Visitor: 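Have a look at the structure that comes next, please.
Just so it is clear, the structure is predicted and the values come from calculations on it, not from any experiment. Count residues from 1 along the sequence.
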Amino acid sequence: MPRGRSDGLQQKHSVAFLFIVAFFLGFLYVYGGSIFGSQNSGSSALEYGRSLKRLGSSYLGAEDDNGGNRDESLASFKQGEGEANIFSKSFPVCDDRHSELIPCLDRHLIYQMRMKLDLSVMEHYERHCPPAERRYNCLIPPPSGYKVPIKWPQSRDEVWKANIPHTHLAHEKSDQNWMVEKGDKIMFPGGGTHFHYGADKYIASIANMLNFSNNNLNNEGRLRTVLDVGCGVASFGGYLLSSDIIAMSLAPNDVHQNQIQFALERGIPAYLGILGTKRLPYPSRSFELVHCSRCRIDWLQRDGILLLELDRLLRPGGYFAYSSPEAYAQDEENLKIWKEMSELVERMCWKIAAKRNQTVVWQKHGSNDCYMERGPDAHPPLCQSDDDPDAVWGVNMEACITRYSDHDNRAEGSGLAAWPARLTTPPPRLSDFGYSNEMFEKDTELWQRRVAKYWDLLSPKIASNTLRNIMDMKAYMGSFAAALIDKNVWVMNVVPHDGVNTLKLIYDRGLIGSTHDWCEAFSTYPRTYDLLHAWSVFSDIEKRGCSLEDLLIEMDRVLRPTGFVIIRDKQPVIDFVKKYLSALHWEAIDSSSDSVQDGDEVVFIIQKKLWLTSESFRDAE
């Protein structure tokens with residue numbers, strides 16, 4: 001008996017010891033990433049994110065305690081069931097090396113997943129989003145020494161070097177005045193590869209070539225929207241703004257890497273994209289001018305498919321300004337390219353509007369007449385009659401000419417008012433959706449009232465220059481942006497790809513934007529927008545079964561520290577978001593009256609805090 005009691009006691013001690021060891025190993029497994037993650041390789045943040053996902057509701061904040069499904073519907077959040085409500089105190093922080101992560105334009109992902117892409121047509125610079133199991137479910141840290149960005153308009157000419165700690169372009173393009181390193185700032189003299197002595201002089205020269213009055217490229221308000229292909233650091237677009245012209249500055253995340261990041265840090269509208277195999281995310285007949293200055297694009301490849309994509313985007317009578325050696329060089333190779341390119345654009349019914357020194361400006365024909373006169377076997381051919389030129393999300397380019405609608409063909413032009421009357425004049429393409437002028441006018445008035453209320457709520461926190469880069473995540477007809485026209489801001493109007501494709505109405509108002517799928521990451525760098533406006537976006541993607549947490553993490557990635565989020569949605573959405581404020585380092589800007597009822601929608605305004613990792617603090621000291 002005494003031996004039996006001794007054996008039993010020893011057994012109990014063994015069980016207790018094993019339990020303690022198992023608990024300690026489990027603790028290291030779960031929390032090791034947070035302790036050691038910053039010292040590991042680039043995959044550490046990903047592995048840490050995966051381990052946290054496995055913890056389920058006990059870490060990530062679902063209300064019930066039935067497991068780790070992080071994609072639960074709003075209905076489950078409304079129930080409030082379970083023995084205990086345990087919410088996350090923090091999301092994991094990505095490794096510092098991921099401070100510039102663009103999830104759907106991540107070349108490391110391409111290499112890791114061994115994607116078979118055709119480099120000759122730039123597929124590796126197009127969007128390739130990670131599958132759910134490879135997403136970095138962590139917060140993107142700012143770089144060491146990050147500061148609140150310099151305000152517009154000063155930011156056009158200088159930014160903090162710490163915010164984008166890359167100076168290779170300053171050295172590589174030092175003879176072209178792209179950018180200059182000066183102390184703790186990077187300066188932008190306004191130069192470019194083709195316009196070393198300033199974008200303003202170059203812009204005036206193009207206007208002079210076209211005989212526009214006062215050498216002003218806006219042509220008395222008739223030229224408003226511009227696409228700048230291969231834009232560099234977007235000085236061309238930046239200097240157009242003073243002429244009441246807004247440009248979508250476009251460039252890939254290529255060997256110049258941070259050019260679009262610099263553009264957005266400067267407060268200049270810009271988007272990460274490439275003329276590759278997919279249509280650009282803009283509707284047909286969106287731009288009065290497309291510009292390419294030494295953009296290093298082979299326009300003759302694949303039967304001229306890239307020029308034909310520009311043709312789709314140009315309005316009737318629109319211009320393509322091209323500054324490149326092919327336009328002026330007399331060597332055999334460039335003369336051959338010029339000859340072939342001239343023949344191609346002639347078959348596309350473009351004509352030379354002006355040619356001087358190193359620049360040529362072509363003009364697109366204003367009606368279908370020229371296309372009909374070419375003959376049935378002409379190349380490039382006309383697109384099929386059932387082709388939708390406004391379907392762009394994930395749609396392949398085609399080597400064909402997009403014909404005009406019956407309205408544009410009859411009018412021999414887009415029929416748009418001059419700027420600024422264009423902003424509030426019902427656009428002709430309203431009829432494509434069965435919308436009336438009265439609907440358009442009521443929508444404009446509605447959002448004027450709503451935006452005025454937003455600014456009343458924001459006023460304790462903002463000055464006249466606090467905000468510059470704004471994104472409307474569900475823009476509809478662009479009336480939110482139209483209501484901000486007197487503010488010193490610009491708006492990226494996003495139209496979800498699965499809704500009514502109203503983006504062409506936005507462009508017809510003289511505004512800019514992009515199509516997007518909010519179940520995926522946006523094509524921009526981290527910390528690029530001062531304010532995000534999310535009208536029913538959460539409710540929409542929840543219906544599609546997409547992760548609301550992923551959307552919150554993506555919004556945090558895009559939002560600048562000290563930036564704002566305005567959420568207009570149903571009460572359950574607001575309740576859901578409130579549970580994650582501390583996890584995201586966000587705060588309601590007025591905890592005593594942080595929501596305003598508007599019908600069945602609630603307005604909730606949040607500000608993102610400025611935070612740094614411990615490593616960033618050490619580096620900054």
Side-chain angles (χ1 to χ4, degrees), residues 221-227 244-246 248 279-288 312-318 364 366-368 383 385-393 395 402-451 472-485 490-516 533 535-537 540 568:
R222 289 188 286 271
L223 197 156
R224 166 64 181 173
T225 52
V226 170
L227 176 65
D244 273 341
I245 298 173
I246 189 164
M248 179 69 78
R279 285 178 170 175
L280 294 177
Y282 319 123
S284 66
R285 309 193 300 282
S286 292
F287 301 100
E288 275 94 22
R312 181 184 71 86
L313 295 172
L314 276 173
R315 297 197 193 277
K364 180 181 177 180
S367 71
N368 290 330
C383 297
S385 58
D386 60 352
D387 174 70
D388 180 0
D390 301 322
V392 296
W393 190 251
V395 176
T402 302
R403 70 189 82 200
Y404 293 124
S405 66
D406 290 341
H407 169 272
D408 285 353
N409 187 53
R410 287 194 304 271
E412 294 197 5
S414 56
L416 299 176
W419 181 265
R422 183 182 300 188
L423 183 68
T424 52
T425 302
R429 290 197 276 188
L430 276 176
S431 60
D432 293 0
F433 304 93
Y435 296 167
S436 66
N437 290 355
E438 184 182 7
M439 290 174 62
F440 173 83
E441 290 161 357
K442 285 185 175 179
D443 187 72
T444 300
E445 292 169 2
L446 172 66
W447 282 102
Q448 285 176 341
R449 293 195 300 272
R450 287 177 170 178
V451 169
D472 189 2
M473 298 173 66
K474 184 182 176 183
Y476 189 40
M477 287 192 278
S479 294
F480 169 84
L484 292 170
I485 199 62
W490 70 273
V491 180
M492 176 68 79
N493 293 280
V494 179
V495 172
H497 82 104
D498 59 328
V500 182
N501 191 8
T502 52
L503 189 56
K504 59 187 177 182
L505 300 180
I506 290 168
Y507 273 92
D508 286 355
R509 300 184 76 169
L511 305 170
I512 60 171
S514 173
T515 301
H516 186 62
H533 178 242
W535 171 42
S536 73
V537 175
D540 291 344
R568 174 181 287 272

Visitor: Using a strict threshold of under 4.0 Å (side-chain N to carboxylate O), is an ion pair present between Asp387 and Arg403?
Guide: no
Visitor: Quick one: does Met492's side chain get under 4.5 Å of Asp472's, heavy atoms only?
Guide: no
Visitor: So, Glu288 side chain and Arg224 main chain: donor-acceptor pair closer than 3.5 Å or not?
Guide: yes
Visitor: To the nearest 0.5 angstrom, please state how far the CG atom of Leu446 sits from the OG atom of Ser479.
Guide: 8.0 Å
Visitor: Are any side-chain N or O atoms of Asn437 and backbone N or O atoms of Pro426, one a donor and one an acceptor, separated by less than 3.5 Å?
Guide: no
Visitor: Begin from the C-alpha positions of Val226 and Ile246 and carry the test side chain to side chain contact (heavy atoms under 4.5 Å, CB included) through to its verdict.
Guide: CA-CA 6 Å; Val226 170; Ile246 189 164; over 6 Å; no
Visitor: Set out, in order, the CA-CA distance, both residues' side-chain angles and the distance that settles salt bridge (Lys or Arg N to Asp or Glu O under 4.0 Å) for Asp508 and Arg315, then state yes or no.
Guide: CA-CA 10 Å; Asp508 286 355; Arg315 297 197 193 277; 2.9 Å; yes
Visitor: CG of Leu227 to CG of Leu314: how many Å apart, nearest 0.5 Å?
Guide: 8.5 Å
Visitor: Keeping Arg422 on the side-chain end and Ala417 on the backbone end, is there a donor-acceptor pair under 3.5 Å?
Guide: yes
Visitor: For the residue pair Thr425 and Arg509, confirm or rule out a side-chain donor-acceptor distance under 3.5 Å.
Guide: no
Visitor: So do Ser536 and Arg568 actually touch side chain to side chain, heavy atoms under 4.5 Å?
Guide: no
Visitor: Please round to the nearest 0.5 Å and tell me the distance separating atom NE2 of His516 and atom CG of Leu503.
Guide: 13.0 Å
Visitor: Do Thr515 and Tyr282 have side chains that approach each other closer than 4.5 Å (heavy atoms only, starting at C-beta)?
Guide: no
Visitor: Distance-only, no hydrogens or angles: does the Tyr507 side chain make a donor-acceptor pair with backbone N or O of Thr225 under 3.5 Å?
Guide: no
Visitor: Is there a side-chain contact between Met439 and Phe433 (heavy atoms, below 4.5 Å)?
Guide: no
Visitor: What pairs with Val451 under side-chain contact (heavy atoms from CB on, under 4.5 Å), at least two apart in sequence or on another chain?
Guide: Tyr454, Trp455, Phe480, Ala483, Leu484
Visitor: Do Val495 and Ile506 have side chains that get closer than 4.5 Å, going by heavy atoms?
Guide: yes
Visitor: Per the salt bridge (charged side-chain N to carboxylate O under 4.0 Å, His left out) rule, what does the pair list look like for residues 494-507, sequence neighbours excluded?
Guide: Asp390-Lys504, Asp432-Lys504, Asp498-Arg544
Visitor: Could you walk me through whether Val500 and Tyr435 pass the side chain to side chain contact (heavy atoms under 4.5 Å, CB included) test, one step at a time?
Guide: CA-CA 12 Å; Val500 182; Tyr435 296 167; 3.7 Å; yes
Visitor: For side chain to side chain contact (heavy atoms under 4.5 Å, CB included), just list the numbers for Leu313 and Leu280, CA-CA rounded to whole Å, side-chain angles, deciding distance to a tenth of an Å, and then say yes or no.
Guide: CA-CA 9 Å; Leu313 295 172; Leu280 294 177; 3.9 Å; yes
Visitor: What I'd like to find out is whether the side chain of Arg222 reaches to under 4.5 Å of the side chain of Trp419, using heavy atoms alone.
Guide: no
Visitor: Side chains of Arg312 and Arg285: does their closest heavy-atom pair fall under 4.5 Å?
Guide: no
Visitor: Any side-chain heavy-atom pair from Leu511 and Leu423 closer than 4.5 angstrom?
Guide: yes
